[in-house]
Colleague: 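Before anything else, here's the structure in question.
These figures come from a predicted structure and were not determined experimentally.
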Amino acid sequence: MGVLLAELGLDGWVEGVSGERGPAPAAAAPALPDGTGPVLQVAADGAVRSAAMPAGAVALTFDDGPDPRWTPLILDTLRRHHAHATFFVVGARVNQYPDLVRRIVAEGHELGVHTFTHADLAAVPAWRQRLELELTRNAIAAATGRTVRLLRPPYSSTPSSPPDPAVLRATTNYLTVLTDRDTEDWRRPGVDAIVAAALPAAGPGAVVMLHDGGGDRSQTVAAVERIVSQKTGVRFVTVSEGIGLPPEEAAGTGTVVRGHALRWAQVAGDWISAVMWWLIVAGTVLALLRLVVQVVTARRHARRARAAARRPLRSFGLVSVVVPAYNESANIAATVRSLIGNDYPQLEVIVVDDGSTDGTADVVRRLGLPGVRVIRQANAGKPAALNTGIAAARGQLLVLVDGDTVFEPDAVGRLVQPFADPAVGAVSGNTKVANRGGLLGRWQHLEYVVGFNLDRRMFELGDCMPTIPGAIGAFRRAALLDVDGVPSDTLAEDTDLTMGVLRAGWRAVYAERAIAWTEAPASLRQLWRQRYRWCYGTMQAAWKHRRALRERGHLGRRGLVYLAVFQMLLPLTAPLVDVYAVYSLFFLPLGQVAAVWCGFTVLQVLVAAYALRLDREQFGPLWTIPLQQVVYRQLLYLVVVQSTVAALLGGRQRWQVMARTGLAAAAVAPGGDSGRTSVPDRPGRP
């Protein structure tokens with residue numbers, strides 16, 4: 001990311017290169033003595049020696065190029081009239097058009113330094129002055145293999161208005177070339193005015209300033225044709241030829257190598273910037289499309305859910321609830337009480353203690369609740385505990401529940417209602433975050449309501465729901481038998497199981513009114529470990545069921561493609577987008593950047609508000625969404641990056657256990673602060 005930001009920064013720096021399009025900065029230095037020539041040699045002690053063109057010699061000089069449109073036209077004109085000139089080139093443009101620079105040299109013309117980005121050297125610090133000159137010298141060396149000794153600072157003019165003394169001191173390694181006659185052709189005063197300003201009177205020679213880049217130079221091209229064709233008795237020479245300097249030497253190997261490295265870095269920056277732009281465009285289109293589909297499908301699902309809620313609840317005989325538990329003593333009592341307190345008439349609860357060391361099984365036994373069985377086994381993992389409970393269960397419908405989940409009193413009854421459709425093999429409940437205090441809790445609450453639940457509504461309508469959450473999910477026993485129980489070869493056993501059920505021909509649906517409260521991670525470290533397990537496990541499950549892409553069901557064509565695009569590929573590119581956002585703050589108009597960011601934030605707030613309304617939640621957490629974009633989102637995306645690297649390396653990851661604190665039970669108890677729309681009058685009732 002650091003390298004990417006540096007490349008984008010280099011591109012932004014050089015893309016801002018322009019030419020002289022306005023008045024030069026006011027001169028800060030006193031005029032040089034009368035008779036001072038336009039070519040200056042500044043000694044280390046500040047002493048200035050000068051030289052001038054001899055009589056009959058005119059040095060045409062061109063600034064701000066090379067330009068792919070105007071420079072070739074000027075070169076063509078000079079070649080037709082056998083005239084030579086000096087081109088003060090901008091280093092960034094040398095790297096863009098090295099072939100054009102080589103043509104300038106091959107046709108007998110001379111090159112000079114005009115800084116790397118056309119910077120006003122008087123307005124930048126000393127280190128920037130040195131960088132501007134050195135980078136341009138390297139660029140010229142890479143393009144031509146030759147060194148360079150001439151320099152013209154941008155915005156410089158005649159000896160009567162020389163550059164700042166600090167600028168002159170920074171140019172002691174160069175001959176600074178000012179001008180005798182400034183045509184000010186950048187103002188586009190007309191061809192006649194340019195010609196009149198360029199042609200010296202009879203007598204002494206002159207250095208003439210023109211421009212071959214930085215804007216529309218059509219008038220300059222026409223003026224050069226008239227200058228070199230009309231003037232008789234004048235030799236058009238390079239600056240070095242006019243003052244009798246020997247030919248330039250070959251550049252050193254180090255300078256050439258640095259120049260090539262600079263050019264390739266600049267080319268790479270330009271390419272990366274273009275790729276990033278199209279990446280952002282594609283990501284934006286996909287994100288907007290996703291939001292539209294989520295909102296449309298959520299609206300349709302909500303209408304269906306309201307219609308279903310008006311129908312009386314049905315009983316489906318005995319329902320077995322299986323609770324795998326490993327060191328869940330902090331929450332298990334509240335979980336079991338909430339299950340036994342459900343209003344479904346026929347219910348059994350099976351708690352499978354998977355080798356807990358904190359007395360989880362003893363806590364359940366001390367409750368002495370009827371209809372609750374405890375099975376103890378050596379620690380074998382959550383899938384094994386679930387399969388043990390499924391084997392011991394007597395019901396044909398099984399609810400699989402995490403040991404930290406607290407059910408609403410009507411959750412079981414509402415959860416099993418979709419099984420009236422014999423094609424339904426699995427049902428997802430509505431998991432809510434109980435511990436919503438603080439920013440982290442509010443962010444996770446929004447993620448559950450906006451991300452998970454909007455997706456589940458969409459997945460149901462698309463018949464491609466990839467995950468029935470472990471916190472609250474129900475399965476038909478026949479569906480579990482079709483897939484040989486809960487698999488144990490991935491870290492996301494709930495996703496793996498759901499995908500298997502779908503591939504077996506069953507439907508998976510979402511019961512939004514079957515509500516359960518879960519304890520979310522209370523620290524960034526715990527959140528990272530949980531989401532890493534989820535993400536890595538989802539990748540494992542998607543890879544395991546990749547053959548679904550060739551099968552007739554919708555899991556492959558819809559569910560797996562959706563997961564691959566929106567939960568794997570786009571998150572992988574998100575850090576790059578954040579780097580581009582940092583780049584934008586420095587190199588794009590701040591108003592434009594702020595407008596885009598605010599627009600997306602407002603859109604996310606509106607979608608979140610709609611999702612909260614569907615879930616009958618308060619709008620209070622919406623204020624945290626802008627902060628979520630700069631902290632929480634990055635953490636989740638980096639989890640995807642880590643998971644992808646781990647998957648590519650092929651290492652098998654171990655189960656990450658989250659420390660429980662009992663916050664779920666406390667948050668949904670009477671008087672608890674769960675952020676619900678009203679204070680409950682009994683445990684878990686919103």
Colleague: Could you check whether any side-chain heavy atom of Leu199 comes within less than 4.5 Å of a side-chain heavy atom of Arg181, counting everything from C-beta outward?
Modeller: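 Of all side-chain heavy-atom pairs linking Arg181 with Leu199, none is under 4.5 Å.
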Colleague: Supply the atom-to-atom distance Leu570 CG to Arg290 CZ, rounded to the nearest 0.5 angstrom.
Modeller: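 Reported value, rounded in 0.5 Å steps: 8.5 Å.
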Colleague: Taking Thr573 for its side chain and Leu576 for its backbone only, find out whether a donor-acceptor pair lies under 3.5 Å.
Modeller: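 Not confirmed, Thr573 side chain does not pair with Leu576 backbone.
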Colleague: What's the separation between atom CG in Asp67 and atom CG in Leu73, rounded to the nearest 0.5 Å?
Modeller: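 It is 9.0 Å, given to the nearest 0.5 Å.
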Colleague: How far does CG of Asp270 sit from CG of Asp11, to the nearest 0.5 angstrom?
Modeller: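 Answer for the CG-CG pair, Asp270 versus Asp11, is 5.0 Å.
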Colleague: Check whether NZ of the Lys or CZ of the Arg Arg130 lies under 6.0 Å from the centre of the six-membered ring of Trp127 and within 45 degrees of that ring's axis.
Modeller: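 Judged by the rule (NZ or CZ under 6.0 Å from the ring centre, within 45° of its axis), Arg130 is not positioned above Trp127.
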Colleague: State, without any angle test, whether Ser240 and Arg149 hold a side-chain donor-acceptor pair at a distance under 3.5 Å.
Modeller: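 The criterion, which ignores hydrogens and geometry beyond distance, is satisfied for Arg149 and Ser240.
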Colleague: Determine the interplanar angle of the His114 and His118 rings, folded into 0 to 90°, and report it as parallel if under 30°, tilted if 30 to 60°, perpendicular if over 60°.
Modeller: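 It falls in the perpendicular class, over 60°.
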Colleague: Any chance you could lay out the side-chain contact (heavy atoms from CB on, under 4.5 Å) test for Val14 and Phe116, step after step, and finish with the verdict?
Modeller: CA-CA 8 Å; Val14 301; Phe116 193 74; 3.5 Å; yes
Colleague: Side-chain contact, heavy-atom cut-off 4.5 Å: Leu491 with Tyr532?
Modeller: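 They are not in contact (no side-chain heavy atoms under 4.5 Å apart), so the answer is no.
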Colleague: Given 3.5 Å as the limit, does a donor-acceptor pair link the side chain of Asp185 with the main chain of Ile194, or not?
Modeller: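 Looks like no, no N/O pair under 3.5 Å.
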Colleague: Which heavy atom of Val639 sits nearest to which heavy atom of Cys535, and what is that distance?
Modeller: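 Nearest heavy atoms, Val639 then Cys535: CG1-CB, 4.1 Å.
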Colleague: Look at the side chain of Arg137 and the backbone N and O of Val113, then say whether any donor-acceptor pair between them is shorter than 3.5 Å.
Modeller: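 Flag not set: sc Arg137 to bb Val113 has no pair under 3.5 Å.
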Colleague: Show your working on side-chain contact (heavy atoms from CB on, under 4.5 Å) between Leu100 and Leu75 and close with a plain yes or no.
Modeller: CA-CA 10 Å; Leu100 193 51; Leu75 289 174; 4.2 Å; yes
Colleague: State the OG1-CZ distance between Thr538 and Arg531, to the nearest 0.5 angstrom.
Modeller: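 Interatomic distance, Thr538 OG1 to Arg531 CZ, rounded to 0.5 Å: 11.0 Å.
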Colleague: Looking at every non-hydrogen atom in both residues, tell me the closest pair between Met53 and Ala57 and how far apart they are.
Modeller: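 What the structure gives for the nearest pair is CB-O, 3.7 Å.
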Colleague: Any pair with a residue in residues 71-84 that passes salt bridge (charged side-chain N to carboxylate O under 4.0 Å, His left out), sequence neighbours left out, goes on the list, sorted by first then second residue, please.
Modeller: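 Non-adjacent pairs meeting salt bridge (charged side-chain N to carboxylate O under 4.0 Å, His left out): Asp76-Arg79, Asp76-Arg103, Arg79-Glu107, Arg80-Glu225.
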Colleague: If you take all heavy atoms of Asp182 and Ala197, which pair is closest and at what distance?
Modeller: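 The answer is O-CB, 4.4 Å.
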Colleague: A side-chain contact here means heavy atoms from C-beta on lying under 4.5 Å apart; do Thr117 and Arg128 qualify?
Modeller: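 When only atoms from C-beta onward are counted, Arg128 and Thr117 do touch, with a gap below 4.5 Å.
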Colleague: Measuring from Ser523:OG to Trp528:CH2, what's the distance to the nearest 0.5 Å?
Modeller: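 With rounding to 0.5 Å, OG (Ser523) is 13.0 Å from CH2 (Trp528).
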Colleague: Would Arg188 and Asp216 pass as an ion pair if we require N to O under 4.0 Å?
Modeller: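 Looking at Arg188 and Asp216, the cut-off is met.
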Colleague: What closest approach, in Å, do Pro98 and Ala143 show between heavy atoms, and which atom pair accounts for it?
Modeller: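 Closest heavy-atom pair between Pro98 and Ala143: CB-CB, 4.1 Å.
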Colleague: Using modelled atom types only, decide if a donor and an acceptor are shared between the side chain of Thr172 and the backbone of Val42 within a distance under 3.5 Å.
Modeller: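 No; judged by distance alone, with no hydrogens or angles, the pair does not exist.
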Colleague: Just to verify, which of Val177, Asn173, Leu133 counts as forming a side-chain contact (heavy atoms from CB on, under 4.5 Å) with Leu151?
Modeller: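 The side-chain contact (heavy atoms from CB on, under 4.5 Å) with Leu151 is passed solely by Leu133 among Val177, Asn173, Leu133.
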Colleague: Rounded to the nearest 0.5 Å, what separates atom OH in Tyr583 from atom CD1 in Ile272?
Modeller: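 If I round to the nearest 0.5 Å, the distance is 11.5 Å.
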Colleague: Ignoring hydrogens and geometry beyond distance, is a side-chain donor-acceptor pair present between Gln628 and Gln604 at under 3.5 Å?
Modeller: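 No.
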Colleague: Taking the side chain from Thr71 and the backbone from Gly65, do they hold a donor-acceptor pair closer than 3.5 Å?
Modeller: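 Looks like no, no N/O pair under 3.5 Å.
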Colleague: Closer than 3.5 angstrom, by distance alone: can the side chain of His109 be matched with the main-chain N or O of Ala85 as a donor-acceptor pair?
Modeller: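 Confirmed, His109 side chain pairs with Ala85 backbone.
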Colleague: I'd like to know whether Asp63 forms a side-chain contact (heavy atoms from CB on, under 4.5 Å) with Trp186, so could you lay out the CA-CA distance, the side-chain angles of the two residues, the decisive distance to 0.1 Å, and finally the verdict.
Modeller: CA-CA 10 Å; Asp63 294 1; Trp186 55 269; over 6 Å; no
Colleague: Assess whether atom CZ of Arg102 is packed by more than 12 heavy atoms of other residues, nucleotides or ligands within 6.0 Å.
Modeller: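 For Arg102, atom CZ is crowded (more than 12 foreign heavy atoms under 6.0 Å).
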Colleague: Identify the heavy atoms of Val641 and Leu572 that sit nearest to each other, and give their distance.
Modeller: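 Answer, listing the atom of Val641 first, then Leu572: CA-CD2, 3.8 Å.
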Colleague: Check whether any side-chain heavy atom of Phe62 lies under 4.5 Å from a side-chain heavy atom of Arg217, and answer yes or no.
Modeller: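 No, side chains not in contact.
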Colleague: How about Thr115 and Pro153: do any of their side-chain heavy atoms sit closer than 4.5 Å?
Modeller: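 With C-beta onward as the side chain, the pair stays apart.
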Colleague: Check Ser156 against Arg152 and note the closest heavy-atom contact, atom names and distance.
Modeller: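 That closest heavy-atom pairing would be OG-CG, 3.3 Å.
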Colleague: May I ask you to decide if Ala268's main-chain N or O and Glu7's side chain share a donor-acceptor pair within less than 3.5 Å?
Modeller: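 Absent.
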Colleague: Could you tell me whether Arg226 and Asp192 have a side-chain N and a carboxylate O separated by less than 4.0 Å?
Modeller: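 Yes, Arg226 and Asp192 are salt-bridged.
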Colleague: Kindly determine whether Val124 and Asp120 satisfy side-chain contact (heavy atoms from CB on, under 4.5 Å), including the steps that lead there.
Modeller: CA-CA 7 Å; Val124 298; Asp120 177 12; over 6 Å; no
Colleague: Checking Arg49 side chain against Gln41 main chain: does a donor-acceptor pair fall under 3.5 Å?
Modeller: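 A pair under 3.5 Å: no.
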Colleague: With heavy-atom distances below 4.5 Å as the criterion, would you say the side chains of Pro154 and Phe88 are in contact?
Modeller: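 A side-chain contact is absent here, since even the closest heavy-atom pair is not under 4.5 Å.
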Colleague: Indicate yes or no: at least one non-hydrogen side-chain atom of Val631 is less than 4.5 angstrom from one of Leu627.
Modeller: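 No, side chains not in contact.
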Colleague: Do any N or O atoms from the side chain of Ser50 and from the backbone of Leu40 form a donor-acceptor pair under 3.5 angstrom?
Modeller: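 No.
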Colleague: Kindly indicate whether the side chain of Phe566, heavy atoms from C-beta on, has any atom under 4.5 Å from the side chain of Leu286.
Modeller: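 Phe566 reaches Leu286 side chain to side chain.
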Colleague: Is a side-chain N or O of Arg546 found less than 3.5 angstrom from the main chain of Trp543, in a donor-acceptor match?
Modeller: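 Such a contact is found between Arg546 side chain and Trp543 backbone.
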Colleague: Hey, could you give me each pair passing ring-ring contact (aromatic ring centres under 6.0 Å, His included) that has a residue in residues 624-650? Not counting sequence neighbours.
Modeller: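 Listed once each, the pairs are Trp443-Tyr632.
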